[in-house]
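This report concerns only the one structure given below.
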Amino acid sequence: MKNISEIRIDAASKISGEEQYVRDLQIDDLLYAKTIRSTRAHAKIDSIHFDEDFNWESFTIITAKDVPNNYVAIIKNDMPYLAHETVNYIGEPIVLIAAEKKQMLREAEKHIAIIYEELKTSLTIDETLTKDDKKDIFAEISLVDGDFEKAAVDAEYIIEETYETGLQEHVYIEPQCVVAIPEDNTIHIKGSMQCPYYVQNAMNELFKGTETKVDVTQIMTGGAFGGKEDFPSLICGHVALLAQKAQKPVMLSFDREEDIRYTTKRHPSKIHMKAAVDNDGTIQGLNVDILLDSGAYTTLSPVVLARAVLTSFGCYRLQNVIVRGRAVKTNIPPCGAFRGFGGPQALFAIEMLIEKIAHSLSEPVWDIKKRNLLSMGDVLPTGQPIDYSFGLPQCIEKVLISSKYFEKLKEFSDYNKNSNGILKGVGISLAAHGAGFTGVGENTIQAIAEMEVLTEGKVVIKTANTEMGQGVDTAYKIIVSKRLNIPFEDIVIEEKNTSKVPNSGPTVASRSTMIVGKLLVDNCDKILEKLDLSAREHTPDEFKQKALSFVEKNGNIVVRTQYKHPDFISFDEKTYKGYGYPVYSWSANVAEIEIDLTSYQVEVKKFYTAHDVGKTINRQQSEGQIQGGVLQGIGYGIYEEMRIKDGEIENRGFRDYIIPTIKDIPKVHVDIVEDEYFNGPFGAKALGELPLVGAAPAVASAVSFAMKKPVKKIPLTPEVIASMIEEKDYEY
Amino acid sequence: MNISFFVNGKGIEIEVDPLDRLLDILRDELHLTGTKEGCGEGECGACTVFMNNKPVNSCLVPAMHVDGSQIVTIDGLREFDFFKKIQTSYAQNGAVQCGFCTPGFVISTINFLRENYKKTVTDDEIKNAFVGNICRCTGFEKIIAAIKELHEMNLEIPEKFYE
């Protein structure tokens with residue numbers, strides 16, 4: 001098709017409010033569920049008391065003893081659906097109740113008492129490490145390239161620092177919501193989720209050895225950002241257990257407070273970086289120690305850690321590298337997937353270290369970046385060569401021009417000399433994001449996408465990749481429309497139901513367009529071959545005629561393609577050598593900020609970014625993703641702070657968890673670079689996460705410039721700015 | 001208590017608890033699900049509806065205040081011509097991603113267009129008018145582009161939607 005629309009296929013129904021999210025479904029005989037949670041960060045459950053004088057007849061109740069296989073199947077299977085003997089964080093589910101009205105649940109909750117026996121807590125990474133217990137390290141990774149110790153001895157300078165980042169909450173506007181509907185011995189689960197097959201696998205494990213069968217349907221999802229990747233498996237188990245016992249549909253729908261306090265968050269990090277540096281600023285060696293706070297259970301921490309390790313190189317040419325990464329258990333709510341997935345933490349650390357090197361050598365930041373910049377033909381510390389789809393140089397060129405970075409450096413420096421009250425800053429960051437799963441994860445998943453040509457000539461796309469706002473449904477229609485040369489009206493997206501679509505893998509890791517989109521291209525080619533249209537010179541009408549007559553004679557055309565990496569892409573998980581990712585997406589970012597010296601508030605005034613995404617499938621929506629991701633990254637950098645006191649998250653809602661509003665947005669200038677990836681659909685690679693990754697370091701760089709002080713942690717709240725001004729600790 | 005009020009032009013009589021929220025009455029009792037709940041504390045604006053022609057967060061309005069009022073929700077605005085123009089502009093500008101905040105933004109947009117009909121507005125004035133609507137997906141830029149485009153179209157919005 002020549003003029004393929006970029007307008008989202010779900011725009012009209014979302015604008016009119018007709019789009020159905022889980023909570024909008026009208027379900028007969030519906031029961032509502034409530035979770036009774038631990039009020040202790042670490043304790044033995046001595047006993048659970050149900051008030052004998054309370055009438056429990058109209059309630060369905062589940063405790064750990066009712067759960068057939070009490071673990072949420074994910075990586076390590078260490079998290080129970082309901083706590084049995086011990087609780088490991090404040091908010092851990094212990095009892096589930098369901099009833100016809102929400103008011104009944106609120107009343108019933110008062111009649112349940114849990115008696116605890118307190119255990120020693122460990123609430124921070126440092127506390128856990130002091131205990132020195134191997135069980136508390138959920139994952140450990142080590143990568144060695146060359147000889148750091150020798151480089152350190154030979155180098156002119158050793159420059160080191162410890163960097164810290166905090167929890168971040170996703171704040172999808174639709175809170176978590178799932179429903180289970182029993183029918184004979186099958187339970188139909190419908191939910192707001194990213195990965196129906198993750199939930200399906202978890203449910204298969206939960207009911208293993210019983211008669212109960214489950215199928216899973218994703219309903220239009222009102223934002224997710226990783227927050228609906230691993231977490232829904234837990235609550236889908238909850239509603240499934242209740243529905244099975246009650247033999248009625250059960251819905252669990254979180255209010256905002258419950259969502260903010262008890263769902264997964266971005267892992268806090270503590271990263272020590274130590275560089276061996278030459279006189280001229282060349283990095284001769286790098287030693288990185290990454291610690292991620294996983295919270296109470298493993299969830300996805302090993303893979304989040306893997307991405308943190310592989311992102312810690314930044315966009316620099318490095319040799320003599322040691323990276324050690326550990327994901328550490330603490331008694332806070334479990335951390336999980338969040339857009340960027342370990343990348344934002346590690347990139348912040350490496351970018352701030354470069355700032356420190358520059359300052360230590362009295363050189364401009366850009367000079368140090370440029371001196372150590374990765375270029376085509378270089379090899380990463382993993383041994384992976386950078387020899388295709390490397391658009392970083394064009395990104396840098398574009399952002400330096402659009403932002404007038406060098407002029408601003410001078411202008412703001414002059415301004416700050418005479419300023420009283422406002423400091424201005426300009427900062428720059430470079431970011432890489434590995435596209436798709438780490439290592440050869442895709443070969444384990446073996447994603448399958450299917451397409452079917454029906455009797456009426458319509459083409460059905462069958463994948464498990466879910467629409468959560470990122471525009472995947474529209475992107476898939478564009479890909480198929482372009483390849484088959486047929487209009488949108490003739491393309492149907494199959495419902496994301498595990499009994500209807502194959503497992504094309506989870507909707508995560510910026511993989512849906514690149515990996516599954518490519519499978520669709522291959523499926524299209526198989527269809528064209530069957531129809532004898534391989535030359536692709538047909539009109540939409542010719543396709544339809546050919547398809548109709550073929551289907552009439554031979555029945556529906558069904559084609560499937562399974563993903564496998566090209567043979568040269570291999571990765572050794574023991575040594576961390578090989579292809580960390582099949583390809584990387586790149587960005588260069590410049591932030592302009594102002595710091596009010598009365599309120600200590602940082603404000604981002606302008607933001608310039610250039611992203612190399614291989615190829616844009618939908619330019620308008622790509623820009624939208626970038627604008628939104630940048631803002632979420634700015635939030636991460638300066639506003640979004642979760643406070644934990646004695647293991648309890650203190651934030652209750654939007655009044656005390658501050659995210660950027662329309663008044664806080666800078667003007668965002670977006671440039672898109674297209675350095676095509678040979679194995680993506682039309683050359684496309686990753687997009688979804690990258691915008692967030694580079695934003696906070698660019699802002700932090702600008703703050704560092706304005707204050708002439710190092711930035712060591714984010715978010716840069718007024719309290720942090722105040723301590724930067726006052727404390728000696730913040731001298732270079 | 002019994003209350004009677006109008007929703008999208010239709011008279012309703014219903015028994016409620018005085019502290020029930022307007023949002024729950026609309027969604028659970030009347031099945032008008034176009035209005036969404038994002039935060040339940042009046043901060044995100046996803047539940048915005050018109051009450052006596054003024055936008056309110058329906059999660060903050062107790063049932064006892066609904067008695068005798070005129071409520072208009074997104075569900076009751078779909079058929080108006082001006083709504084279709086708003087729908088087109090939001091879609092064409094790429095102002096929608098996950099869509100959960102969108103109906104609330106649309107109500108605020110209608111109110112903004114009515115209050116600023118044929119007036120010049122600055123970017124800051126636009127931002128101030130939408131400070132009660134939170135979007136986490138788009139970064140707001142494309143929403144602002146749609147609002148500007150609509151404002152320049154001088155769309156006439158009626159004083160009242162229903163008699």
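Because the structure is predicted, anything quoted here is derived from the model rather than measured. First the proteins, then the strands, lettered A, B, ... as listed; each starts at 1.
The nearest pair of heavy atoms linking Gly38(B) to Pro175(A) is O-CG, 3.8 Å. Smallest separation of non-hydrogen atoms from Cys98(B) and Gly223(A): CB-N, 3.3 Å. The nearest pair of heavy atoms linking Thr661(A) to Phe140(B) is C-CE1, 3.6 Å. Closest approach of Glu141(B) and Val668(A) over heavy atoms only: OE2-N, 3.0 Å. Taking every heavy atom of both residues into account, Phe100(B) and Tyr21(A) meet most closely at N-OH, 3.5 Å. Considering every non-hydrogen atom in both Cys44(B) and Phe654(A), the closest pair reads CB-CE1, 3.5 Å.
By the 6.0 Å contact criterion, NZ on Lys190(A) is open, its count of non-hydrogen atoms from other residues, nucleotides or ligands being 12 or less. By the neighbour-count criterion of 12 heavy atoms within 6.0 Å, atom CD of Glu107(A) is densely surrounded, having more than that number from other residues, nucleotides or ligands. More than 12 heavy atoms of other shown residues, nucleotides or ligands fall within 6.0 angstrom of atom NZ in Lys127(B). Counted within 6.0 Å of CG on Asn2(B), heavy atoms from surrounding residues, nucleotides or ligands total more than 12; the atom is thus considered enclosed. Residue Glu650(A) qualifies as enclosed at atom CD: its count of foreign heavy atoms under 6.0 Å is above 12.
Contact of Pro691(A) with chain B is not made at all, since no heavy-atom distance falls under 4.5 Å. In this structure, chain B has a heavy atom under 4.5 Å from the backbone of Thr221(A), while its side chain stays farther away. Only the side chain of Val106(B) comes within contact range of chain A, with at least one heavy atom under 4.5 Å from a heavy atom of that chain. Residue Glu467(A) does not touch chain B at all, counting heavy-atom pairs closer than 4.5 Å. In this structure, no portion of Asp255(A) lies under 4.5 Å from any heavy atom of chain B. Looking at Ile144(B), only its side chain comes within 4.5 Å of chain A, counting heavy atoms on both sides. At a 4.5 Å heavy-atom cutoff, Glu6(A) makes no contact with chain B through either its backbone or its side chain.
Residues Asp124(B) and Lys663(A) are not paired through a salt bridge, judged by the lack of any N-O separation under 4.0 Å between the basic side chain and the carboxylate. Between Glu640(A) and Arg136(B) there is a salt bridge, with a side-chain nitrogen of the basic residue lying less than 4.0 Å from a carboxylate oxygen of the acidic one. The pair Arg655(A)-Glu41(B) counts as a salt bridge, with a side-chain nitrogen and a carboxylate oxygen less than 4.0 angstrom apart.
From Gln103(A), atom CD reaches atom CG of Leu19(B) across 11.0 Å, with rounding to the nearest 0.5 Å. Going from atom CD of Glu19(A) over to atom OG1 of Thr102(B) covers 10.5 Å, rounded to the nearest 0.5 Å. Atom CG in Asp123(B) sits 7.5 Å away from atom NZ in Lys667(A) (nearest 0.5 Å). Atom CD of residue Gln87(B) and atom NZ of residue Lys14(A) lie 13.5 Å apart, to the nearest 0.5 angstrom. One finds the CD atom of Glu37(B) at 9.0 Å from the CZ atom of Arg256(A) (value rounded to the nearest 0.5 Å). In this structure, Asn93(B) CG and Ile7(A) CD1 are separated by 9.0 Å, a value rounded to the nearest 0.5 Å.
No donor-acceptor pair under 3.5 Å is formed between the side chain of Gln26(A) and the backbone N or O of His31(B). A donor-acceptor pair is defined here as one N or O able to donate and one able to accept, closer than 3.5 Å; such a pair exists between the side chain of Arg27(B) and the backbone of Arg23(A).
Between chain B and the options Gln632(A), Met468(A), Arg652(A), heavy-atom pairs under 4.5 Å are most frequent for Gln632(A).
With a 4.5 Å cut-off on side-chain heavy atoms, Asn133(B) and Ile662(A) do not count as touching. The shortest side-chain heavy-atom distance between Lys36(B) and Asp24(A) falls under the 4.5 Å cut-off.
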Test side chain to side chain contact (heavy atoms under 4.5 Å, CB included) on Gln97(B) and Gln621(A); report intermediate values, then the result. CA-CA 8 Å; Gln97(B) 286 187 29; Gln621(A) 289 297 311; 3.9 Å; yes
Trace of the side chain to side chain contact (heavy atoms under 4.5 Å, CB included) decision for Phe83(B) with Ile15(A): CA-CA 10 Å; Phe83(B) 177 84; Ile15(A) 297 161; 4.2 Å; yes
